[in-house]
**Student:** 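Starting off with a structure, shown below.
Residue numbering restarts at 1 for every chain, and letters A, B, ... go by the order of the sequence lines. Bear in mind the structure is a predicted one, so any value in this text is a computation, not a measurement.
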2 protein chains.
Amino acid sequence: MQHYELVEKVRLLVVDDDPPIADLVATVARYEGWEAVTAYTGEDGLRRAAEFHPDIVVLDLMLPGVDGFGVLDRLRASGTMVPVVFLTARDGVADRVAGLTRGGDDYLVKPFAVEELMARLRTVLRRSAGPAFQRSVLQVGDLTMDEDTREVRRGERLLSLTPTEYEVLRYLMRKSPTVLTKAQILDHVWEYGFGGRSNVVELVVSRLRRKLDETDEGGSPLIHTVRGFGYVLRQAAE
Amino acid sequence: MQHYELVEKVRLLVVDDDPPIADLVATVARYEGWEAVTAYTGEDGLRRAAEFHPDIVVLDLMLPGVDGFGVLDRLRASGTMVPVVFLTARDGVADRVAGLTRGGDDYLVKPFAVEELMARLRTVLRRSAGPAFQRSVLQVGDLTMDEDTREVRRGERLLSLTPTEYEVLRYLMRKSPTVLTKAQILDHVWEYGFGGRSNVVELVVSRLRRKLDETDEGGSPLIHTVRGFGYVLRQAAE
DNA sequence: AGTTGAGCGACAGCTTCCCGACAGCTCCCC
DNA sequence: GGGGAGCTGTCGGGAAGCTGTCGCTCAACT
């Protein structure tokens with residue numbers, strides 16, 4: 001995996017007036033080994049940016065006081081080119097367009113799934129880190145996933161996955177060969193606030209299996225059930 | 001083992017309005033060499049958190065007065081990023097917890113097994129301590145247990161264990177070469193309040209033996225009976 | 001040899017998992 | 001803006017695997 005090997009330890013600044021959200025993002029980032037700092041107002045965000053020198057910023061557009069765009073403008077005015085990923089509420093269609101045209105590097109609609117946010121942050125970092133040539137390709141056994149082209153292959157065979165299947169598989173691949181519980185998968189791949197305590201994960205896994213292992217005789221299964229615990233993606237765990 | 005060697009002595013705060021439970025957890029933790037403090041109300045919990053500066057918190061969600069969510073909010077509001085493991089009753093509350101765990105925190109449903117709680121606490125500490133990838137592997141003789149992949153091997157041979165077998169073996173491995181009574185094993189591995197005063201432990205041990213020592217000639221037995229007392233896991237104890 | 005504790009086969013109840021069928025939703029195309 | 005296609009999640013039946021009880025047998029210590 002090791003994308004962004006250049007960066008010692010990614011420094012992330014999260015600016016969101018909703019403390020639980022800001023902390024959520026910061027916590028997840030720390031668990032990835034990043035350094036993360038939060039700010040709950042635009043002013044504070046600017047202050048922290050000045051002293052912390054983040055490598056990337058997550059910025060909510062709806063801020064009391066100076067709003068997201070204001071923060072971005074002032075960031076740029078101070079000469080920093082740090083990449084920014086916006087967060088925005090569901091409705092603001094106007095916001096989306098504006099966000100991108102006004103210098104953001106990416107944006108995400110709330111409520112989002114943490115894995116998706118992290119994936120985007122990694123992408124943005126990768127792009128801004130250097131020549132845009134370093135592809136990010138995950139690989140487990142003869143299964144590969146190109147995060148740029150979104151192509152997933154089992155050996156030669158190209159798989160066609162739905163968005164959810166793609167996300168679940170990516171999470172499994174990134175964590176392989178660690179065993180993940182259904183709760184972990186649910187928590188990371190679905191939007192925060194998702195209610196469905198049901199067997200969604202089982203279902204998606206089952207669909208994934210059919211596509212991955214839809215064995216043209218060829219393959220031993222890659223997704224394994226660990227009964228009473230969860231799932232793993234790995235080769236021939238015997 | 002010794003994950004988190006950085007931390008001198010883990011400082012644990014337990015917040016639960018049921019004193020026996022809180023004390024149970026604190027006692028087990030102290031027995032592990034941790035420092036543990038208990039609080040029986042949310043208010044008290046916040047107070048203790050402020051002065052004690054725990055490394056990790058066990059928090060019951062059903063609290064009189066300020067409930068678990070309230071405590072969490074106020075903890076976070078005060079800027080503490082201390083990781084939290086939640087306790088919750090079997091019913092619907094579990095649903096609401098889910099969202100809280102995606103940061104990497106965790107939760108457990110009551111009644112729980114003490115060893116499982118300790119295992120989760122260790123995992124959370126390990127992950128929040130640093131870059132998320134330090135593996136935790138237990139080893140006794142030629143027997144190894146990888147807590148991330150849940151792979152257990154006797155030499156090369158991969159064993160397939162059921163959840164209960166896995167838990168019992170983990171406990172034996174963690175305590176090796178200490179002799180454990182059946183009561184200790186029962187108390188740590190089964191949920192507190194478990195009725196079966198029966199010979200469950202014997203049975204699981206017997207099943208474990210068959211799998212571990214299912215000797216392809218290769219092995220001397222690892223699980224030894226100390227008649228009239230209990231079991232030990234160790235190499236060639238004779 | 002007797003007594004007591006341990007081992008373990010067999011079975012039944014229960015939990016967990018898998019996945020077919022279906023319905024609501026969204027997004028896209030015409 | 002109406003119709004269609006594909007995606008997502010719910011429900012529920014059925015299968016598989018896990019757990020604990022019973023009770024007999026075996027081993028160890030006295």
Side-chain angles (χ1 to χ4, degrees), chain A residues 90-91 93 96 109 111 113 116 150 152 159-169 172 179-187 189-191 193-215 221-232, chain B residues 90 94-95 98 109 111 113 116 150 152 159-169 172 179-187 189-191 193-215 221-233 238:
Chain A
R90 174 73 63 190
D91 48 24
V93 184
R96 306 189 182 193
V109 171
E116 181 162 10
R150 287 181 79 92
V152 179
L159 309 181
S160 131
L161 304 182
T162 70
T164 310
E165 288 162 3
Y166 181 87
E167 292 293 330
V168 170
L169 183 58
L172 284 168
V179 181
L180 302 170
T181 65
K182 283 183 265 193
Q184 285 177 308
I185 298 175
L186 198 58
D187 284 352
V189 172
W190 272 259
E191 305 171 345
F194 174 72
R197 295 271 104 247
S198 59
N199 50 355
V200 227
V201 178
E202 282 175 19
L203 188 45
V204 174
V205 167
S206 141
R207 284 169 180 160
L208 262 178
R209 274 210 254 243
R210 201 175 319 157
K211 291 184 179 178
L212 297 196
D213 301 336
E214 171 191 74
T215 178
L222 285 179
I223 301 181
H224 306 273
T225 301
V226 180
R227 194 153 230 280
F229 197 85
Y231 298 102
V232 215
Chain B
R90 175 74 60 189
D95 301 355
V109 170
E116 182 161 9
R150 287 180 79 93
V152 179
L159 311 181
S160 136
L161 305 182
T162 70
T164 311
E165 288 161 5
Y166 182 88
E167 292 293 328
V168 170
L169 182 58
L172 284 168
V179 181
L180 301 170
T181 66
K182 284 185 260 192
Q184 282 177 310
I185 298 176
L186 199 56
D187 288 347
V189 172
W190 272 261
E191 304 173 346
F194 174 71
R197 294 273 113 237
S198 59
N199 53 352
V200 227
V201 178
E202 284 173 17
L203 186 47
V204 174
V205 167
S206 139
R207 283 170 180 159
L208 262 178
R209 276 210 253 244
R210 199 177 323 156
K211 290 184 179 177
L212 297 196
D213 301 336
E214 172 191 74
T215 176
L222 285 179
I223 302 181
H224 306 276
T225 303
V226 179
R227 200 178 165 79
F229 196 81
Y231 298 101
V232 214
L233 185 77
E238 190 56 27

**Student:** Would you tell me if any nitrogen or oxygen in the side chain of K182(A) comes within less than 4.0 Å of OP1 or OP2 on dC17(C)?
**Tutor:**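 For dC17(C), OP1/OP2 do have a side-chain N/O of K182(A) under 4.0 Å.
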**Student:** Whole Å only: how far is the CZ atom of R209(A) from the C1' atom of dG20(C)?
**Tutor:**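 After rounding, the gap between these two atoms is 16 Å.
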**Student:** State whether E165(A) and K211(A) are salt-bridged, where the test is any N-O pair (Lys NZ or Arg NE/NH1/NH2 against Asp/Glu carboxylate O) under 4.0 Å.
**Tutor:** yes
**Student:** Just the rounded figure in Å: distance from P of dG17(D) to CG of L161(B).
**Tutor:** 16 Å
**Student:** Quick check for you: among dG9(D), dT8(D), dC18(D), whose closest atom lies nearest to any side-chain atom of T162(B)?
**Tutor:**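 Nucleotide nearest to T162(B)'s side chain: dC18(D).
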**Student:** Produce the list of close N/O pairs, under 3.5 Å, pairing protein atoms with atoms of nucleotides 23-30 of chain D; give distances to one decimal.
**Tutor:**
| from | atom 1 | to | atom 2 | distance (Å) |
| --- | --- | --- | --- | --- |
| dG23(D) | O6 | N199(B) | ND2 | 3.1 |

**Student:** In this structure, how many angstroms lie between the C1' atom of dA6(C) and the CG atom of L180(B), rounded?
**Tutor:** 17 Å
**Student:** Do any N or O atoms from the side chain of E116(B) and from the backbone of A113(B) form a donor-acceptor pair under 3.5 angstrom?
**Tutor:** no
**Student:** Find the distance L169(B):CG to dC18(D):C1' and express it as a whole number of Å.
**Tutor:** 17 Å
**Student:** Hey, is the side chain of S206(B) poking within less than 4.0 Å of OP1 or OP2 on dG7(C), counting only N and O atoms?
**Tutor:** no
**Student:** Might you work through the salt bridge (charged side-chain N to carboxylate O under 4.0 Å, His left out) test for E202(A) and K182(A), ending with a clear yes or no?
**Tutor:** CA-CA 8 Å; E202(A) 282 175 19; K182(A) 283 183 265 193; 2.8 Å; yes
**Student:** Once you round it to whole Å, what is the distance between C1' of dC17(C) and CD1 of I223(A)?
**Tutor:**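 Nearest whole value for this atom pair: 14 Å.
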**Student:** Between the base of dG20(D) and the side chain of R207(B), is there any donor-acceptor pair under 3.5 Å?
**Tutor:** yes
**Student:** I want to check something: taking the side chain as every heavy atom from C-beta on, are V200(B) and F194(B) in contact at a cut-off of under 4.5 Å?
**Tutor:** yes
**Student:** Give the rounded distance in Å between these two atoms: NE2 of H224(B) and C1' of dG7(C).
**Tutor:**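 Those two atoms, NE2 and C1', are 16 Å apart.
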**Student:** Out of dT21(D), dG9(D), dC8(C), which has the shortest distance to the side chain of T164(A)?
**Tutor:** dG9(D)
**Student:** Whole angstroms only, please: what is the CG-C1' distance between L203(B) and dA12(C)?
**Tutor:**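 Taking atom C1' of dA12(C) as the reference, CG of L203(B) is at 14 Å.
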**Student:** With a 3.5 Å cut-off and no angle check, do the side chains of R209(B) and T225(B) form a donor-acceptor pair?
**Tutor:** yes
**Student:** Are L161(A) and L208(A) packed together at the side-chain level, in the sense that at least one heavy-atom pair is separated by less than 4.5 angstrom?
**Tutor:** yes
**Student:** What is the distance, to the nearest angstrom, from the CG atom on L208(A) to the P atom on dC7(D)?
**Tutor:**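 That distance rounds to 13 Å.
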**Student:** Using a 4.5 Å cut-off on heavy atoms from C-beta on, say whether the side chain of Y231(A) contacts that of V205(A).
**Tutor:**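 In contact.
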**Student:** Once you apply a heavy-atom cut-off of 4.0 Å, does Y231(A) come out as touching a base, just sugar-phosphate, or nothing?
**Tutor:**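 Contact class for Y231(A): sugar-phosphate only.
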**Student:** Measuring to OP1 and OP2 of dT8(D), would you say a side-chain N or O of W190(A) lies under 4.0 angstrom away?
**Tutor:** no
